[in-house]
Amino acid sequence: MTNIKNSEYDFANIEKKWQDFWVDNKIFKTEDFSDKPKFYALDMFPYPSGSGLHVGHPEGYTATDILCRYKRMQGFNVLHPMGWDAFGLPAEQYAVETGTHPSITTNKNIDTFREQIKALGFSYDWDREINTTDKNYYKWTQFIFLKLYERGLAYIDEVPVNWCPALGTVLANEEVIDGLSERGGHSVERRPMKQWMLKITEYAEQLLEDLDDLDWPEGVKEMQRNWVGKSTGAEVTFKVADFAENYDITVYTTRPDTLFGATYMVLAPEHNLVKYITTAEQTVAVDKYVKDASLKSDLARTELATEKTGVFTGAYAVNPLTGENIPIWIADYVLASYGTGAIMAVPAHDTRDFEFAETFNIPVKCILQPDAKELKSSKVAVEDVLAGKVCWAGGGVAINSANEELDLNGLSVDEAKAATIKYLEDKNIGKGAVNYKLRDWLFSRQRYWGEPFPIIHMEDGSIKTVPVEELPLVLPEMEEFKPSGTGESPLANATEWLNYVDPETGMKGRRETNTMPQWAGSCWYYLRYIDATNDIEPFSAEKENYWMPVDLYVGGAEHAVLHLLYSRFWHKVLFDCGLVSTKEPFQKLVNQGMILGLSYKNSRGVIIPTDQVEHKNDGHFDKETGEQLEEFPAKMSKSLRNVVNPDDVISQYGADSMRLYEMFMGPLEATKPWNTSGVEGVYRFLKKAWRLVTGHELVDREMTKDELRVLHATIKKVTNDLEDLGFNTAISQLMIFVNEFSKGKDLPLQAAKDFVQMLAVFAPHAGEELWQYVNGNPNEDMPVENTVAYVAWPQFNEEYLQVSEVEILIQVLGKPKARVMMSVNATPKEMEEIALNLPEIKELIQGKTVRKVICVPKSLVNIVAT
RNA sequence: GCCAGGAUGGCGGAAUUGGCAGACGCAACGGACUUAAAAUCCGUCGGCCGCAAGGCUGUGAGGGUUCAAGUCCCUCUCCUGGUACCA
């Protein structure tokens with residue numbers, strides 16, 4: 001038996017020992033099914049980068065791990081898995097440079113990550129580890145793609161991509177900086193290429209609606225709502241004047257109520273009617289504008305957003321309400337891809353239209369009497385609005401808005417909208433309409449290191465899918481990973497793999513050379529964990545039914561929109577296929593905050609790299625100049641040299657201190673700066689806790705009232721805080737417990753057991769070691785059942801928290817004046833009497849009239865005396 | 001610009017439904033132990049006034065509601081994240 005009585009806290013040996021114990025005995029292997037209630041806690045799986053783990057990763061992982069350990073003790077069957085989102089650009093770029101196959105780089109990085117993660121003592125079920133680049137995994141990613149294809153949700157379209165002629169390759173948006181390639185700074189142009197698209201827009205409404213029932217941060221839900229961008233309004237059809245042909249133009253507007261104020265119309269330069277309606281005199285100018293616009297990237301178009309540009313087409317449309325001819329312009333502030341690619345412009349009540357009208361001297365016609373209240377806070381003069389000198393985009397009442405058949409005057413914006421839509425529908429020249437900002441998802445990349453599409457383009461132009469039985473379609477081995485030079489992925493050079501002959505008909509075909517984007521693998525990984533080794537289906541329906549949905553999903557806020565929207569979309573498709581049983585995958589979502597590094601700047605605001613800073617008692621100084629520096633938190637980055645490496649923290653203080661500090665820093669969701677001396681604080685706490693348990697005589701005795709109160713207050717606070725993910729305050733309470741019990745001569749056995757068990761969810765290595773000690777278990781050849789991992793969580797008893805007397809604060813006019821012990825059962829009347837009879841209070845209110853006395857039981861008495 | 005979140009000691013942060021601001025920790029200072037250091041332990045620690053008892057003041061700024069405001073309402077400033085001509 002290892003005797004740790006009166007020993008020193010030796011984290012290095014303890015941590016190694018228990019990590020081995022957990023792994024060797026598969027302590028955290030999850031039952032596929034159980035009578036126990038289930039709890040599925042999911043961490044966003046990492047991209048295993050070459051630089052290894054940083055302190056931000058373990059933050060979320062520690063939080064879920066603590067919760068999982070707690071839930072196991074609460075009797076839950078817990079699923080807590082880990083895996084690797086391992087496709088991605090860096091491994092391919094490295095392959096281009098060095099010829100090393102991306103799978104080699106990837107596996108090496110995964111090994112590093114796994115080792116680093118294991119060193120933190122997380123209770124993952126490693127038998128469920130997944131890797132998106134494993135063919136047994138991406139086989140099912142391809143399978144799901146085929147499901148999408150079968151349902152008509154995947155299609156090919158010509159879409160402009162970032163083509164870099166100098167590099168002979170297509171670049172991802174993040175590889176293009178200010179219109180130049182990130183590597184080499186070559187120019188990048190937009191070039192249409194055939195791409196796979198996924199019809200996420202078909203699910204726009206559901207993606208929006210189902211957000212309401214999710215327990216997600218309000219901010220994330222709002223971001224998703226904005227991304228989907230639903231708007232309601234109307235489509236209105238305008239006749240083009242002076243043409244024999246029917247060149248009707250339909251516009252989309254959210255403000256049909258302002259149709260009387262439409263003084264011109266704008267088409268996107270790409271609008272297909274532009275070439276038909278442009279008059280001869282305007283052709284040269286229009287052609288030039290259209291050409292220039294097509295060369296501008298989206299980036300350039302938005303960067304030049306300050307100045308409005310456009311060209312008159314020479315044609316006129318007829319405002320259906322006023323009968324007036326209004327000029328038709330083209331301008332790139334109207335996007336071809338949104339709505340109908342054409343707008344009616346109401347400069348008086350739309351800021352963009354107003355700017356344009358001012359630039360080109362187009363009349364502004366005010367048709368809204370601004371709302372008086374809004375007008376007041378906006379600081380614009382009502383005369384200017386009415387005169388069309390200022391744009392009014394706020395609310396109000398319609399004016400100047402009547403023709404022989406329709407009179408909107410006096411109506412509010414909402415009433416006028418409804419009336420206009422009804423009129424348009426009756427006349428058959430428009431209708432109510434809904435639009436979404438959400439676009440279909442560009443789902444192909446011109447890369448090697450991604451999932452190949454199970455698609456063959458046949459000679460006759462048809463598309464053949466690879467039969468499910470033949471999946472996975474494996475990436476071919478290649479020597480070279482250089483771009484093909486044509487814009488196609490390097491797979492275009494894999495001749496043998498590329499060419500296909502139909503075994504039945506003999507028809508030739510060519511495999512799809514695009515690969516799927518990195519998002520693909522992460523869209524459904526949470527389902528694979530449920531049944532990670534199934535090789536006949538992606539996951540069994542029975543297991544899915546038991547485990548889904550994910551009860552808690554923790555990860556970085558950077559995935560607030562795309563990853564979460566994409567996987568919700570796939571999940572809904574799988575739901576419609578009958579493959580999953582829930583509409584939404586992630587019931588509760590929490591974003592862990594970013595961890596910042598401590599940085600230093602001098603009085604001129606110049607940031608000094610952290611390793612050039614000398615720390616003294618009276619401040620921080622530049623090692624070179626001796627100048628005093630100001631400390632401030634900044635994003636960890638190599639250039640500031642403020643990156644904290646978890647390995648260093650673990651080797652110096654141990655994994656338990658690392659875990660504890662990550663949780664003690666502050667609320668999980670908050671952005672907070674890493675401060676190494678804070679780690680020392682929790683390390684001291686662990687040493688103190690160790691001394692409390694091993695250095696005091698453990699006595700199996702009745703506890704005193706005070707001891708019971710502290711113990712049960714601790715159990716209560718820790719339990720409640722864990723339920724709300726309040727890890728920092730739970731740890732504070734454990735510190736209070738240690739401070740209080742350290743004052744005693746001995747340690748009551750029950751208090752020791754309960755405390756050690758609570759500690760064990762936060763600091764599991766020290767927790768296990770101390771658990772064996774307080775239970776008198778022999779520590780060598782330990783039976784598996786002796787682990788603390790599944791011991792029932794301690795219960796608190798409210799009875800022990802009760803006190804008979806409490807200190808009541810006596811205030812006069814809200815200021816604290818006296819404190820008095822009273823029975824907890826004192827009635828307000830009794831409290832008032834006691835308070836008013838206190839000598840010091842009597843003195844204070846002498847000569848004054850007591851107007852009112854407020855008594856809050858168990859808390860305070862406030863005497864209002866003047 | 002718009003949307004979301006935030007601002008509390010020297011620092012990280014605590015504070016049920018409005019009810020004693022600053023729990024817990026860090027740093028700092030004073031002391032004990034030590035030949036010395038580390039480790040550990042004890043004490044002080046928002047600001048101002050005061051020998052003290054005590055008083056005044058204090059949660060980004062200004063106003064309001066209330067017996068009582070970090071917490072609720074209005075206006076403003078600054079920070080962080082998201083988004084960008086979406087008609």
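Chain naming here is simple, since letters A, B, ... match the order of the sequence lines and numbering starts at 1 in each.
For the C1' atom pair drawn from B/A52 and B/C42, the interatomic distance equals 24 Å after rounding to whole Å. When the C1' atom is compared between B/G54 and B/G5, the two are found 43 Å apart, to the nearest whole Å. Distance check on atom C1': B/A15 versus B/U8 gives 10 Å, rounded to whole Å. With P as the reference atom, B/A23 and B/G47 are 13 Å apart, rounded to whole Å. As rounded to the nearest Å, B/C85 and B/G70 have C1' atoms that lie 41 Å from one another. Nucleotides B/A14 and B/G64 place their C1' atoms 28 Å apart, quoted to the nearest Å. For B/G19 and B/G46, the P atoms lie 22 Å apart once the distance is rounded to whole Å. When the P atom is used for both B/U75 and B/G25, the distance is 41 Å, rounded to whole Å.
Here A/K431 contributes atom NZ and A/L424 contributes atom CG; the two are 11.5 Å apart, rounded to the nearest 0.5 Å.
The separation between A/L565 atom CG and B/U83 atom P is 13 Å, rounded to whole Å. Rounded to an integer number of Å, the gap from OH of A/Y683 to P of B/C26 is 14 Å. The distance from atom CZ of A/R225 to atom P of B/C3 is 15 Å, rounded to the nearest whole Å. Distance CD (A/E358) to C1' (B/C85): 16 Å, rounded to an integer number of Å. One interatomic measurement links the two molecules: CG of A/L598 to P of B/A27, which rounds to 13 Å at whole-angstrom precision. Spacing between atom OH of A/Y333 and atom C1' of B/A87 amounts to 8 Å, rounded to whole angstrom units. The separation between A/I863 atom CD1 and B/U66 atom P is 21 Å, rounded to whole Å. In this structure, the NE2 atom of A/H271 is 17 Å from the P atom of B/A87, given to the nearest Å.
A residue-by-residue look at A/S677 and A/I343 shows that A/S677 has its nearest nucleotide of RNA chain B further toward the 5' end.
Phosphate contact (OP1/OP2 of B/A87, side-chain N/O of A/Y338, threshold under 4.0 Å): present.
The side-chain contact (heavy atoms from CB on, under 4.5 Å) search around A/L273 returns A/Y247, A/I249, A/H271, A/Y276, not counting sequence neighbours. Not counting sequence neighbours, the partners of A/K230 by the side-chain hydrogen bond (donor to acceptor under 3.5 Å, both in side chains) test are A/E205.
Consecutive Watson-Crick or G-U pairing (both distances under 3.5 Å) extending over three or more pairs maps onto RNA chain B as B:1-7 with B:77-83, B:10-12 with B:24-26, B:28-32 with B:40-44, B:46-49 with B:54-57, B:60-64 with B:72-76.
For A/S599 and A/N642, the side-chain atoms include at least one donor-acceptor pair closer than 3.5 Å. With 3.5 Å as the limit, one finds no donor-acceptor pair spanning the side chains of A/T694 and A/Y9.
B/G30 has its base anti relative to the sugar, with a glycosidic angle deviating from 0 by more than 90°.
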Enumerate, atom names and distances included, each donor-acceptor pair closer than 3.5 Å involving a side-chain atom of residues 253-262 of chain A, sequence neighbours excluded.
{"unit_1": "A/T253", "atom_1": "OG1", "unit_2": "A/R255", "atom_2": "N", "d": "2.9"}
{"unit_1": "A/R255", "atom_1": "NE", "unit_2": "A/D257", "atom_2": "OD1", "d": "3.1"}
{"unit_1": "A/R255", "atom_1": "NE", "unit_2": "A/D257", "atom_2": "OD2", "d": "3.4"}
{"unit_1": "A/R255", "atom_1": "NH2", "unit_2": "A/D257", "atom_2": "OD2", "d": "3.1"}
{"unit_1": "A/T258", "atom_1": "OG1", "unit_2": "A/R255", "atom_2": "O", "d": "2.7"}

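When all heavy atoms of A/L211 and A/R568 are compared, the pair lying nearest together is CD2-NH1, 3.3 Å. Taking each heavy atom of A/L438 and A/I200 in turn, the nearest pair found is CD2-O, 3.9 Å. Annotation for A/E235 and A/T250: closest pair CB-CG2, 3.9 Å, computed over non-hydrogen atoms.
A/E662 has its side chain within reach of A/I595: a pair of non-hydrogen atoms, C-beta onward, lies under 4.5 Å apart.
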Please write out each protein N/O paired with an N/O of nucleotides 40-47 of chain B under 3.5 Å, distance rounded to 0.1 Å.
{"unit_1": "B/U40", "atom_1": "O3'", "unit_2": "A/R691", "atom_2": "NH2", "d": "3.2"}
{"unit_1": "B/C41", "atom_1": "OP1", "unit_2": "A/R691", "atom_2": "NH2", "d": "3.4"}

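The side chain of A/W227 has B/U83 as its nearest neighbour among B/U57, B/G25, B/U83. For A/V864, the listed nucleotide lying nearest its side chain is B/C67; candidates were B/C67, B/G25, B/C85.
Put simply, the side chain of A/N862 gets close to the backbone of A/G814: a donor and an acceptor are under 3.5 Å apart.
Heavy atoms of A/D353 sit nowhere under 4.0 angstrom from any nucleic acid atom. Using a 4.0 Å heavy-atom criterion, one finds that A/S231 contacts the sugar-phosphate atoms exclusively. Residue contacts shown for A/G339 are absent, as no nucleic acid heavy atom lies under 4.0 Å away.
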Annotated protein contacts, base or backbone, on nucleotides 4-23 of chain B with a non-hydrogen cut-off under 4.0 Å, one of B, S, - each: S-------BSS----BB--B

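Counting heavy-atom neighbours within 6.0 Å of A/E807 CD, excluding the residue itself, gives a total above 12.
Checked against a 6.0 Å centroid threshold, the rings of A/Y264 and A/F356 count as neighbours.
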